[in-house]
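The structure appears right after this line, and notes come after that.
Bear in mind that the values here come from a model prediction, so they are computed numbers and not experimental data. These values consider heavy atoms only, across backbone and side chains, with no hydrogens, waters or symmetry-generated copies.
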Amino acid sequence: MMLIPTHHFRDIERKPEYLQPEKCVPPPYPGPVGTMWFIRDGCGIACAIVTWFLVLYAEFVVLFVMLIPSRDYVYSIINGIVFNLLAFLALASHCRAMLTDPGAVPKGNATKEFIESLQLKPGQVVYKCPKCCSIKPDRAHHCSVCKRCIRKMDHHCPWVNNCVGENNQKYFVLFTMYIALISLHALIMVGFHFLHCFEEDWTKCSSFSPPTTVILLILLCFEGLLFLIFTSVMFGTQVHSICTDETGIERLKRKNQPRERTGSWQSVKETFGGDFSLNWFNPFSRPCQPEIPSDKDMVRQVTSLSDTETTEDPSEETKDEDSVEVTDE
């Protein structure tokens, strides 16, 4: 992960005119329910294509270099079914993580009329994001790539071309888990295949020439080892974030603001969709849908402020002047 640049916090501006809510345009008419979410980011799209290419490359080597030429049909069938099932679940999880709204806050709702309708009392404040002109609920952060505020944003991952947030964290966790499993499975099969080829004639253990076979296997071994380490670390990090009910960006910012934390098991159930079942491992099963924040959830009590205020979130650093961007690397 990468933190850009060094933190620095800006004092709260006590004048609501500073953010000029009258300049916010009303939010656009909402699209139909189920509208596909897709981020038009060149780097993210390229990373997603590379991810699919690497999985399909592993599929090619496993099938056409190791399994199909093998004379042990039981070995080939069992490993072929297991590897293809894991690869399918990994790519399905990747698609769901990439095409699911991670929990975007309605854009452009910080209008003067809407703020006035909240009827703020002394000591109450609403935080507005000056980047996307939206009123931010608690634990929401602005993503400079998605150009939206995301509820419970953990980080922006270019490999899925999306933020990891409240609504798609389950799919991202499954993606990292299945990629780690197919990487481990591929490494084990490569090891057995090398042993088999050393014992047998190299011309009989593959339909390709011996030099081509060695190159393909070495590339697969390098890919599998690299992705096994990377996705295992990401999987562990995500599980830790879920169990501690603390997102990656909150941990990096070291926000020690007191708040009520969800218990570890309850947080896991909310992320994966209810009590433990096989649906936890199913990328086509939706997680528990969080309640949409109501108007009162957007209002926060600030004891140090005595006047009704509309202010910029002091804990929010954005990408340009005072920003934090968290990405996978």
Are [X] and [Y] close enough that some pair of their side-chain heavy atoms sits under 4.5 Å apart?
{"X": "Thr237", "Y": "Arg251", "value": "yes"}
{"X": "Ile77", "Y": "Ile81", "value": "yes"}
{"X": "Tyr178", "Y": "Phe281", "value": "yes"}
{"X": "Lys131", "Y": "Ser144", "value": "no"}
{"X": "Thr231", "Y": "Phe175", "value": "no"}
{"X": "Asn162", "Y": "Pro102", "value": "yes"}
{"X": "Thr271", "Y": "Val268", "value": "no"}
{"X": "Lys136", "Y": "Val105", "value": "no"}

In Å and rounded to the nearest 0.5 Å, what is the [atom1] to [atom2] distance from [X] to [Y]?
{"X": "His193", "Y": "Leu67", "atom1": "NE2", "atom2": "CG", "result": "9.0 Å"}
{"X": "Ser93", "Y": "Phe172", "atom1": "OG", "atom2": "CZ", "result": "11.0 Å"}
{"X": "His141", "Y": "Ile249", "atom1": "NE2", "atom2": "CD1", "result": "5.0 Å"}
{"X": "Ser76", "Y": "Met66", "atom1": "OG", "atom2": "CE", "result": "10.0 Å"}
{"X": "Trp37", "Y": "Asn168", "atom1": "CH2", "atom2": "CG", "result": "9.5 Å"}
{"X": "Leu217", "Y": "Phe208", "atom1": "CG", "atom2": "CZ", "result": "10.5 Å"}

For residues 181-189, which side-chain donor-acceptor pairs fall under 3.5 Å, sequence neighbours excluded?
from	atom 1	to	atom 2	distance (Å)
Ser183	OG	Ile179	O	2.7
His185	NE2	Asn79	OD1	2.8

Next item on the list: Give a yes or no on whether the backbone of Val173 and the side-chain of Thr176 come within a donor-acceptor separation of less than 3.5 Å.
Entry: yes
Notebook entry, point to check: Do Trp280 side-chain atoms and Lys170 backbone N/O form a donor-acceptor pair below 3.5 Å?
Noted result: no
Hydrophobic clusters here meaning ILVMFWY residues chained together by side-chain heavy-atom distances under 4.5 Å, can you tell me if [X] and [Y] are in one?
{"X": "Val160", "Y": "Leu56", "result": "no"}
{"X": "Phe60", "Y": "Phe222", "result": "no"}
{"X": "Met177", "Y": "Phe284", "result": "yes"}

Margin query: Applying salt bridge (Lys or Arg N to Asp or Glu O under 4.0 Å) to Arg151 and Glu166, what does each step give before you reach the verdict?
Written below: CA-CA 6 Å; Arg151 296 191 302 273; Glu166 191 173 57; 2.7 Å; yes
Next item on the list: May I ask you to check whether Ser267 and Ser264 show a side-chain donor-acceptor distance below 3.5 Å?
Entry: no
Check: Cut-off 3.5 Å, side chains only: do His94 and Trp159 have a donor facing an acceptor?
Finding: no
At their closest point, which heavy atom of [X] faces which heavy atom of [Y], and how far apart are they?
{"X": "Asp101", "Y": "Gly103", "result": "OD1-N, 2.9 Å"}
{"X": "Val61", "Y": "Leu220", "result": "CG1-CD2, 3.5 Å"}
{"X": "Cys143", "Y": "Ile150", "result": "CB-CG1, 4.4 Å"}
{"X": "Cys47", "Y": "Pro158", "result": "CB-O, 3.2 Å"}
{"X": "Glu246", "Y": "Glu250", "result": "CA-OE1, 3.6 Å"}
{"X": "Ser70", "Y": "Tyr75", "result": "OG-CD2, 4.2 Å"}

Notebook entry, point to check: Can you list the steps and then say if Leu219 with Ile215 is a side-chain contact (heavy atoms from CB on, under 4.5 Å)?
Noted result: CA-CA 6 Å; Leu219 289 176; Ile215 292 174; 4.1 Å; yes
Could you list the donor-acceptor pairs under 3.5 angstrom formed between side-chain atoms of residues 38-46 and any protein atom two or more places apart in sequence or on another chain?
from	atom 1	to	atom 2	distance (Å)
Asp41	OD2	Gly44	N	2.9

Next item on the list: Would you check, one step at a time, whether the test side-chain contact (heavy atoms from CB on, under 4.5 Å) holds for Arg286 with Tyr171?
Entry: CA-CA 9 Å; Arg286 301 179 66 183; Tyr171 307 130; 3.9 Å; yes
Note to self: Counting only heavy atoms from other residues, nucleotides and ligands, does the tally under 6.0 Å from CG of Leu195 exceed 12?
What the structure shows: yes
Notebook entry, point to check: Has Phe192 got more than 12 heavy atoms of other residues, nucleotides or ligands less than 6.0 Å from its CZ?
Noted result: no
Next item on the list: Evaluate salt bridge (Lys or Arg N to Asp or Glu O under 4.0 Å) for Arg139 paired with Asp245, printing each intermediate quantity in order.
Entry: CA-CA 11 Å; Arg139 304 186 70 188; Asp245 191 26; 3.2 Å; yes
Next item on the list: Show your reasoning for whether side-chain contact (heavy atoms from CB on, under 4.5 Å) applies to Asp154 and Gln169.
Entry: CA-CA 8 Å; Asp154 187 88; Gln169 190 171 27; 4.2 Å; yes
Note to self: side-chain contact (heavy atoms from CB on, under 4.5 Å) for Leu54 and Phe227? Distances and angles first, verdict last.
What the structure shows: CA-CA 10 Å; Leu54 292 174; Phe227 274 86; 3.3 Å; yes
Checklist line | Distance flag, aromatic centroids of Phe235 and His240, threshold under 6.0 Å | finding: no
